[in-house]
> 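The following block contains the structure, expressed as structure tokens.
The chain is numbered in sequence order, starting from 1.
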Amino acid sequence: VTQANVQSFARCSSLTCQQLNGETTYLPENFRKIGFGAFEGCTALSGALNFNNIFVNRTNVSSIQFIGSSAFFGCSGLNGGVTLPINTSYRNILPYTFASSAAPFARKQVPVDQTGLPMQLKGMLDFSNVSVERIYESAFYKCTALTGITLSTIVYEIGNNAFKLCSGLLGLLALPAFVKILGDSA
């Protein structure tokens, strides 16, 4: 298995996957892509998201090069930290990738979870050792348990509503000089 295709597990309310949290097992080393909406609305997914599945030179890195828009949209059961892929090909966090189903487009078009439950992903989001340059619209919308963000110097765009309603964020956010585009309500 090298990828999870477009909406391959969407709305599977009883799906669990220990390989996504990297606690005891990991995604296969040749796993490259998580497609658009692949796990959208899988409310039974729980724990952390750790995309770094290969051990190289005493460091965990990722084989994942692409995570599609809305890949984990509405997965309100995810309740651990997020470890973003360490892979030079992974440069963009696409729209709604980790967003609550309360995100603006969702309330009108995608009946995943009419209550709009917040995402429970928690802890710090650390971009300092990843190659992400762009964080698109509503990428982390209503992730209320996130407590902080560390941006790298290569992030140059933060889209509209990227971190909107992330009420658990504490302290100040230092924007690197390279941020050229900062969307509304980012």
Side-chain angles (χ1 to χ4, degrees), residues 1-13 15 17 19-21 27 31-45 48-53 62-78 81-114 116-121 125-127 130-144 146 149 151-152 154-166 179-186:
V1 175
T2 61
Q3 64 185 24
N5 289 323
V6 172
Q7 293 191 321
S8 51
F9 300 102
R11 294 175 286 290
C12 290
S13 59
L15 178 71
C17 184
Q19 292 166 317
L20 288 171
N21 63 32
L27 293 169
F31 199 85
R32 301 284 182 262
K33 177 182 175 184
I34 297 174
F36 171 85
F39 296 97
E40 173 188 312
C42 293
T43 55
L45 285 179
L49 287 174
N50 181 352
F51 298 108
N52 297 310
N53 57 336
S62 183
S63 64
I64 296 174
Q65 299 171 352
F66 178 84
I67 299 176
S69 181
S70 302
F72 295 94
F73 170 82
C75 295
S76 56
L78 290 171
V82 179
T83 305
L84 296 168
I86 299 173
N87 183 316
T88 56
S89 296
Y90 184 69
R91 299 202 176 274
N92 302 301
I93 298 179
L94 296 176
Y96 307 97
T97 300
F98 303 102
S100 160
S101 61
F105 90 98
R107 300 297 288 163
K108 297 179 185 124
Q109 300 171 349
V110 183
V112 173
D113 176 4
Q114 293 302 316
L117 292 173
M119 296 292 280
Q120 298 301 314
L121 294 169
L125 274 177
D126 187 357
F127 292 89
V130 298
S131 298
V132 171
E133 298 172 334
R134 299 170 81 180
I135 304 166
Y136 281 88
E137 166 186 353
S138 299
F140 294 94
Y141 187 94
K142 203 174 180 182
C143 289
T144 58
L146 292 177
I149 304 167
L151 294 173
S152 72
I154 64 171
V155 172
Y156 70 86
E157 179 177 347
I158 301 173
N160 294 339
N161 302 319
F163 298 100
K164 187 170 185 173
L165 298 180
C166 292
V179 173
K180 303 293 183 217
I181 302 166
L182 185 60
D184 293 337
S185 301

> Is there side-chain contact between Tyr96 and Glu137, with at least one heavy-atom pair below 4.5 Å?
yes
> Are Pro118 and Ser76 side-chain neighbours, meaning at least one heavy-atom pair lies under 4.5 Å?
no
> Do you know which two heavy atoms are closest between Val130 and Ile154, and how far apart they sit?
O-CD1, 3.9 Å
> Do Asn53 and Ser62 have side chains that approach each other closer than 4.5 Å (heavy atoms only, starting at C-beta)?
yes
> Is the shortest heavy-atom distance from the side chain of Phe140 to the side chain of Ile149 under 4.5 Å?
no
> Should the pair Glu40-Arg11 be classified as a salt bridge under the 4.0 Å nitrogen-to-oxygen rule?
yes
> For the residue pair Glu133 and Arg91, establish whether any side-chain heavy-atom pair is separated by less than 4.5 Å.
yes
> Is it the case that the side chain of Asn161 and the backbone of Ala186 share a donor-acceptor pair, with hydrogens and angles ignored and the cut-off at 3.5 Å?
no
> For Ser70 and Phe36: C-alpha separation, side-chain torsions, deciding distance, then whether side chain to side chain contact (heavy atoms under 4.5 Å, CB included) applies.
CA-CA 6 Å; Ser70 302; Phe36 171 85; 4.2 Å; yes
> OG1/Thr2 to CZ/Arg32 distance, rounded to the nearest 0.5 angstrom?
8.0 Å
> Is there a donor-acceptor contact under 3.5 Å linking the side chains of Thr83 and Asn52?
no
> Does the side chain of Gln65 come within less than 4.5 Å of Tyr90's, by heavy atoms?
no
> Starting at CZ of Phe73, measure out to CG of Leu94 and round the result to the nearest 0.5 Å.
14.5 Å
> Begin with the C-alpha distance, continue with both residues' side-chain angles, and end with the deciding distance and a verdict on side chain to side chain contact (heavy atoms under 4.5 Å, CB included) for Leu84 and Val82.
CA-CA 6 Å; Leu84 296 168; Val82 179; 3.9 Å; yes
> Using the ring of each side chain (for Trp, its six-membered ring), is Phe39 parallel, tilted or perpendicular to Phe72, with breaks at 30° and 60°?
parallel
> Side-chain contact, heavy-atom cut-off 4.5 Å: Pro95 with Ser69?
yes
> Can you tell me how far apart CD (Gln3) and NZ (Lys33) are? Round to the nearest 0.5 Å.
5.0 Å
> Are Thr144 and Leu165 close enough, and set up right, to give a side chain to side chain contact (heavy atoms under 4.5 Å, CB included), and what steps lead you there?
CA-CA 7 Å; Thr144 58; Leu165 298 180; 5.6 Å; no
> Do you know the tightest heavy-atom contact between Thr43 and Gly74?
CG2-O, 3.7 Å
> Closest heavy-atom contact between Lys142 and Ser100?
CB-CB, 3.6 Å
> If only atom types and distance count, is the side chain of Asn160 paired as donor or acceptor with the main-chain N or O of Asp184 below 3.5 Å?
yes
> What distance separates Cys143 SG from Leu125 CG, expressed to the nearest 0.5 Å?
7.5 Å
> Of all heavy-atom pairs between Ile34 and Phe51, which one has the smallest distance, and what is that distance?
CD1-CE2, 3.8 Å
> Which heavy atom of Ala139 sits nearest a heavy atom of Ile93, and at what distance?
CB-CG2, 3.7 Å
> One pair to check against side chain to side chain contact (heavy atoms under 4.5 Å, CB included): Leu49 and Leu78. What are the steps and the verdict?
CA-CA 8 Å; Leu49 287 174; Leu78 290 171; 3.7 Å; yes
> Please find the pair of heavy atoms, one from Ile64 and one from Pro85, that lie closest to each other, and give the distance.
O-CB, 4.1 Å
> Does some side-chain heavy atom of Thr97 sit less than 4.5 Å from a side-chain heavy atom of Tyr136?
no
> How many angstroms lie between atom OH of Tyr141 and atom CE of Met119, to the nearest 0.5 angstrom?
13.5 Å
